[in-house]
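A quick write-up on the structure given underneath.
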Number of protein chains: 2
Amino acid sequence: MAAAETSKLHMQADRPASRRKIAGILAAARAEFFTNGFSATSIEAIAARAEVSKVTVYTWFKDKENLFAEVVQAECAEMRENFVVENLADKNLGDILQIAAQGMLEFLMREEMVRFERILAAEVNRDPKIGEFFLDHGPRTLLGDLTNLLELAVDKGEIVTADVRGSAEMFAGLVMGRMDLFLRYGAKIRLSAQEREQRARRAVDAWMLIHQHNDM
Amino acid sequence: MAAAETSKLHMQADRPASRRKIAGILAAARAEFFTNGFSATSIEAIAARAEVSKVTVYTWFKDKENLFAEVVQAECAEMRENFVVENLADKNLGDILQIAAQGMLEFLMREEMVRFERILAAEVNRDPKIGEFFLDHGPRTLLGDLTNLLELAVDKGEIVTADVRGSAEMFAGLVMGRMDLFLRYGAKIRLSAQEREQRARRAVDAWMLIHQHNDM
DNA sequence: TTTTAATTGTACGGTATCGTACAATTTGTT
DNA sequence: AACAAATTGTACGATACCGTACAATTAAAA
């Protein structure tokens with residue numbers, strides 16, 4: 001889980017066909033790992049799904065653990081790309097938070113994300129670094145972005161709080177409630193865009209209410 | 001995950017020594033499963049830990065899946081025993097919620113619970129019923145208790161809310177924030193009793209503030 | 001076209017696991 | 001003491017998986 005070698009550093013030749021195969025293997029590995037977990041996934045199944053021979057998998061990836069780690073890294077990278085707390089300087093805090101909350105709901109409720117979280121946590125015992133990595137590239141970053149945003153708002157006097165980081169966490173807690181938990185255990189919750197907007201609004205309103213009193 | 005046969009219904013003889021062994025197997029299975037997950041745990045390792053022969057395991061438990069299911073059931077049962085939202089009729093809502101919030105923090109932050117949640121979610125793909133079972137005997141029950149409590153408070157005019165269930169979820173969200181997530185991925189967070197009290201108070205205060213306005 | 005990298009199928013050694021069979025022994029009940 | 005249930009160790013068949021070796025083939029690069 002250290003430096004992110006895309007594979008085995010064999011990339012001297014760098015043929016497009018190989019690149020395609022490698023991508024295919026990663027995709028197949030993702031699907032298998034995120035469905036069956038690390039232990040219950042076989043390299044052979046991954047090779048089969050990628051329509052590639054087992055040897056090819058081992059040509060590009062050191063071993064099973066390494067392949068899993070690379071899949072997680074790729075997933076984290078995509079995470080960062082697709083979910084950003086934007087700092088729209090021209091909008092007021094309420095609107096920014098509304099957008100962030102909706103994005104949060106949409107992003108974290110995707111079946112894909114739910115499956116990812118289901119599997120990943122279970123591997124923390126086997127390899128604690130994988131948990132650290134995920135936290136650093138996911139929740140911590142996002143919470144950090146949010147905290148920065150709130151700090152600006154505090155400076156501008158839009159909100160009042162003694163513990164910005166805690167307030168950011170409260171925001172996330174208000175938006176998600178226990179929904180991520182329910183989803184993780186298979187509850188079938190589907191929110192339409194409109195329902196997400198409503199839920200987000202409720203959380204934002206509540207949060208703003210809390211943070212416009214100076215007795216907190 | 002249907003009817004909770006304690007084992008294989010062989011309990012005709014019902015010897016105390018056997019009961020002890022069965023309990024030992026369950027304890028060992030719990031330890032192994034919650035450390036390594038379902039797939040990576042071997043019946044042999046369980047037998048060894050329980051200081052029992054493999055055959056004895058199969059004497060009392062049908063197979064690996066069944067044993068896992070029984071472990072989960074036992075854990076859920078213990079969960080219900082150890083975490084109740086008490087309806088203390090003589091106290092005011094704020095105090096009750098304060099106690100509930102502290103209990104929630106203490107209960108959900110235990111290393112044991114964290115490990116349990118880490119592993120269990122990963123098995124939802126393999127056996128969705130296990131997720132349903134956990135939800136029914138854990139989160140849903142607790143949230144239900146909390147909802148009932150709040151409904152009473154609404155009737156008494158202590159709080160205002162259009163969506164009691166949603167308010168209960170908000171409460172849980174405010175108390176936990178993203179802490180359960182961070183713990184699941186290995187973040188080392190330890191709260192003293194005093195810190196738990198503070199965090200709980202902050203959440204309760206915020207929640208009460210939200211629910212004493214009728215513009216929600 | 002030649003040369004080099006990549007890929008494939010098959011096979012293998014090593015290991016691990018599940019769940020069962022069997023015969024021998026211990027343990028508790030009546 | 002006599003009987004039945006429970007337990008144990010060992011062995012077994014079946015299966016699966018990891019990671020590698022090897023020889024043969026395909027595809028791309030020079």
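Given the structure is predicted, the values throughout are model-derived calculations rather than measurements. Numbered from 1 within each chain, the chains take letters A, B, ... in sequence-line order. The figures here come from the full heavy-atom set of this structure, side chains too, leaving out hydrogens, waters and symmetry mates.
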Check: Does the side chain of W60(B) get closer than 4.0 angstrom to OP1 or OP2 of dA6(D) through an N or O atom?
Finding: no
Notebook entry, point to check: In residues 35-43 of chain B, which ones come under 4.0 Å of DNA chain C, going by heavy atoms?
Noted result: T41(B), S42(B), I43(B)
Check: In terms of heavy-atom contacts, does CD of Q194(B) have more than 12 from other residues, nucleotides or ligands at under 6.0 Å?
Finding: no
Note to self: With a 4.0 Å cutoff (strictly under), does any side-chain N or O of K62(B) reach OP1 or OP2 of dT20(C)?
What the structure shows: no
Notebook entry, point to check: Does S53(B) place a side-chain N or O at less than 4.0 Å from the phosphate oxygens OP1/OP2 of dG9(D)?
Noted result: no
Notebook entry, point to check: Would you say the base of dG19(D) and the side-chain of K54(A) have a donor-acceptor pair closer than 3.5 Å?
Noted result: yes
Checklist line | For atom CD1 of I22(B) and atom C1' of dA6(D), their distance in whole Å | finding: 10 Å
Next item on the list: Mark yes when over 12 heavy atoms from residues, nucleotides or ligands other than R110(B) sit less than 6.0 Å from its CZ; otherwise mark no.
Entry: yes
Next item on the list: Please confirm whether R140(B) makes a cation-pi placement over Y185(A), using NZ or CZ under 6.0 Å from the six-membered ring centre and within 45° of the ring normal.
Entry: no
Checklist line | Distance test, side-chain N/O of K21(B) to OP1/OP2 of dT8(D), below 4.0 Å | finding: yes
Next item on the list: Mind calculating the distance between CG (D63(A)) and P (dG14(C)) to the nearest angstrom?
Entry: 20 Å
Check: Which whole-number value in Å describes the distance from E44(A) CD to dT20(D) P?
Finding: 14 Å
Item checked: Interatomic distance where NZ belongs to K64(A) and C1' belongs to dG19(D) [whole Å] -> 12 Å
Next item on the list: Would you mind reading off the distance between Y58(B) atom OH and dC22(C) atom P, rounded to a whole angstrom?
Entry: 18 Å
Checklist line | N/O (side chain, T59(A)) to phosphate O (OP1/OP2, dA6(C)) under 4.0 Å | finding: no
Notebook entry, point to check: Please give, in whole Å, the distance from dT8(C) C1' to I25(A) CD1?
Noted result: 13 Å
Check: Can you tell me how far C1' of dT17(C) sits from CD of E65(B), to the nearest Å?
Finding: 15 Å
Next item on the list: Find out whether N125(B) and I119(A) are in side-chain contact, i.e. whether some heavy atom of one side chain is under 4.5 Å from a heavy atom of the other.
Entry: yes
Check: How many Å lie between CZ on F61(B) and C1' on dT20(C), as a whole number?
Finding: 18 Å
Next item on the list: When you get a sec, tell me which of dT8(D), dC18(C), dT8(C) is the closest nucleotide to the side chain of V55(B)?
Entry: dT8(D)
